[in-house]
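Here the structure is laid out as structure tokens; the discussion comes afterwards.
Computed from a prediction, not measured in an experiment: that's the story for all the values here. Below, read A as the first sequence line, B as the second, and so on, with proteins coming before strands; counting in each chain starts at 1.
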Number of protein chains: 2
Amino acid sequence: MADVAKLAGVSHQTVSRVLNGAPHVRPGTRDKVLAAIRELDYRPNSAARALVTRRSQTLGVVSFASTLYGPASMLDGIEQAARSAGYFVSVASLRSLDARSVQEAVDRLRDQGVEGVAVIAPQISAVGAVARLSSSVPVVAVGSGSRSRVPMVAVDNLTGATAATRHLLDLGHGTVHHVAGPAGWLETQDRLDGWRRTLEEAGAPVPQVYSGDWSARSGYEAGLRIAADPEVTAVFCANDHMALGLLRALHEAGRPVPGEISVIGFDDIPESAYFTPPLTTVRQDFGELGRRALELLVEEVAGVGHARSHVLVAPEMVLRRSTGPARGLA
Amino acid sequence: MADVAKLAGVSHQTVSRVLNGAPHVRPGTRDKVLAAIRELDYRPNSAARALVTRRSQTLGVVSFASTLYGPASMLDGIEQAARSAGYFVSVASLRSLDARSVQEAVDRLRDQGVEGVAVIAPQISAVGAVARLSSSVPVVAVGSGSRSRVPMVAVDNLTGATAATRHLLDLGHGTVHHVAGPAGWLETQDRLDGWRRTLEEAGAPVPQVYSGDWSARSGYEAGLRIAADPEVTAVFCANDHMALGLLRALHEAGRPVPGEISVIGFDDIPESAYFTPPLTTVRQDFGELGRRALELLVEEVAGVGHARSHVLVAPEMVLRRSTGPARGLA
DNA sequence: GCTTGCCATGTGAACGCAAACAATTACACT
DNA sequence: AGTGTAATTGTTTGCGTTCACATGGCAAGC
């Protein structure tokens, strides 16, 4: 910076002012400085700036299962929004979701000097852990269920699950079976609740719940059991990947979809439209979730009050061919 | 740090020595310092350290299409490896792949002070852009094709494509059609080359190439045209998502797979085993790719020579039910 | 007993920048 | 011309580390 100042014939402070867009710099002076900067290909040193301003311009993201479509999309949305807000993004991904790992990841990010952390870790224990240490750095949760003590942005899983269940009921199905996500996840819980409540309100029996781990494989395994149950005519899968596995199992068992069994998923991953048959599902816009979360985080970092700490984004049902009227009603 | 020094009754320099594991610190002294650190919950300031050491302990990742399974998995692998190597990871994702965007992303990272950059940007133009500016910071490319001028780690697309094509030929198919990825991608080119070369070596006719953009939708569109062509009995898709779309189109057109047409994909995403029918494909271990790339980058940063600058990871064929003998041979 | 040399620790700078404050200049208005 | 105010620029300080060097102590060797 001293070199730039010398070349431009001003003090380093004036260079600093130009760099930071401070007022009261004469245009001519600014131009000289700018020219010198270009001439020397000068780059401000972010470490020095961070040291004195105590602001790193960096936000942290704790992410889990980041190879899945949902988390990856949220991360992408976060990065986009962070960039427009002028922040860098540092990632720490989790291998497991216990409180210790989360603690560790957040510590790691904090040691790096991030000004805030977004957590894509939709497990109940994780959110608890995060809440406990959010004292030192602002934290927001992304895509988690509704019970978090920290500010968060999520899709309205309850409403989505209700819509899905309702849809199948309206099609004339006596009840709707459910393939849930793994225990401990906030999404799992909310979708389960929405499903159960809708059934109860409709006076429909609440059948036993099948449980998976979000993977197609687990959906397939649930599907094998479902296919063997002649009672089942409608299934709500807690995500599209499991629905894919379910579809596969049903196909192998010679149970036509939607002829004998209707299937609805959740997420609307880009592939869902090309399943066999194309999957009716509940769309959540993960990218949007990430963006909104980041906006919230930026507000927190800036010290704006937590006016709208809990943001719920409405999901949207996407009708395709995997759902149809109950048998005998066609 | 001064507080810690005072509490421990030593100088700040001794605290620094303890922190950095420097030799010549008496165990008793070390313990006192450690105790003081714990007592005060002291955290070293990374900005100050970066300022004086000129090392940020941060590596950058430029990523494109990071919501796709491949890039997301590579990012994940990179993050893992970076953590074990003691580095933080900062991400910059690209919206478009022109040289300007890449330039911008790398600049952004460099301004942040990263010590090296891994580029998940498998487009020819991107790699060119990166090569040009790799002077200031070490750069490695991940998952790109083989023609890059910067060090890189990739799956051996040529071999993979050859194996896929060979497999179908061996099954008795007269030739193999190809649904390629978008132009300009290194993977696209290498898989295309492998396919074409294998056909030529086998003396099989080289049919017209269908082109997609990696998405299931584009595979579906190619599939519509392929289904209408009675000549086609075997198709090699440049990735699994397009294969899914193709499968869908074939199914709709009443062309059984593998009865009438065999289909093979590339990638082996976790869902491929649950397609209808389960997809034969060529597996690439994206996570491993990311890890290897990061190791290479760390070596570069450390200044170790470029002995093994180009790492090719062998892909592995996964046989499932979407491929079978040619008609008349069953 | 007095050097020699290694250990253990302390002292003073410097890293590159922005904040606080000081100084100078320009301009309007009396 | 004289005063006041705002605009523009400069000077100094310190952010929290590590680095280079200085210092004191203690053991071994003569």
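Residue contacts for B:Arg43: at a heavy-atom cut-off of 4.0 Å it reaches the sugar-phosphate backbone alone, with no base atom in range. Within the nucleic acid shown, A:Pro44 comes within 4.0 Å of sugar-phosphate atoms alone, with no base atom in reach, counting heavy atoms only.
Under the 3.5 Å distance criterion, with hydrogens and angles disregarded, a donor-acceptor pair is assigned to the side chains of A:Gln112 and A:Ser90. Checked by atom type, the side-chain pair B:Thr67/A:Ser73 shows no donor-acceptor distance below 3.5 Å. Of the N and O atoms on the side chains of B:Ser66 and A:Asp76, at least one donor lies less than 3.5 Å from an acceptor on the other residue.
Applying the ring pair (Phe, Tyr, Trp, His ring centres under 6.0 Å) rule to pairs touching residues 29-67 of chain A yields A:Phe64-A:Trp185, sequence neighbours excluded. The stretch residues 2-21 of chain A participates, sequence neighbours left out, in no ring pair (Phe, Tyr, Trp, His ring centres under 6.0 Å) pair at all.
Protein chain B touches strand DNA chain C; the 5'-most and 3'-most nucleotides with an atom under 4.0 angstrom of its non-hydrogen atoms are C:dC7 to C:dG16. Bounding nucleotides for the chain A contact on DNA chain D, 5' to 3', at a heavy-atom distance below 4.0 Å, are D:dA7 to D:dG16.
Across the helix from C:dG1-D:dC30 to C:dT30-D:dA1, the helix axis at one end is tilted relative to the axis at the other end by 40° (nearest 10 degrees, each axis from five pairs).
Against DNA chain C, the stretch residues 9-21 of chain A makes heavy-atom approaches under 4.0 Å through A:His12, A:Gln13, A:Ser16, A:Asn20. In the region residues 46-54 of chain A, proximity to DNA chain C at under 4.0 angstrom, judged on heavy atoms, holds for A:Ala48, A:Arg49, A:Leu51, A:Val52, A:Thr53.
When A:Val153, A:Val117, A:Leu59 are each tested for a side-chain contact (heavy atoms from CB on, under 4.5 Å) with A:Leu297, only one passes: A:Leu59.
Between the CE atom in B:Met74 and the CD1 atom in B:Ile120 there is a gap of 5.5 Å [rounded to 0.5 Å].
For A:Ser11, the side-chain contact (heavy atoms from CB on, under 4.5 Å) partners two or more places apart in sequence, or in a different chain, are A:Gln13, A:Thr14. With sequence neighbours excluded, the residues satisfying ring-ring contact (aromatic ring centres under 6.0 Å, His included) with B:Phe286 are B:Tyr69. With sequence neighbours excluded, no residue forms a side-chain hydrogen bond (donor to acceptor under 3.5 Å, both in side chains) with B:Asp3. Qualifying side-chain contact (heavy atoms from CB on, under 4.5 Å) partners for A:Glu39, counting only residues two or more places apart in sequence or in other chains: A:Leu7.
At a threshold of 4.0 Å, the pair B:Asp107-B:Arg110 counts as salt-bridged, since one of the basic side-chain nitrogens sits closer than that to a carboxylate oxygen. Using a 4.0 Å cut-off between charged side-chain N and carboxylate O, A:Glu79 and A:Arg83 make a salt bridge. One finds a salt bridge joining B:Arg100 and B:Glu104 here, because a Lys/Arg side-chain nitrogen approaches an Asp/Glu carboxylate oxygen to under 4.0 Å.
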Can I get a per-line list of side-chain donor-acceptor pairs under 3.5 Å for residues 21-29 of chain A, giving both atom names and the distance, sequence neighbours left out?
none

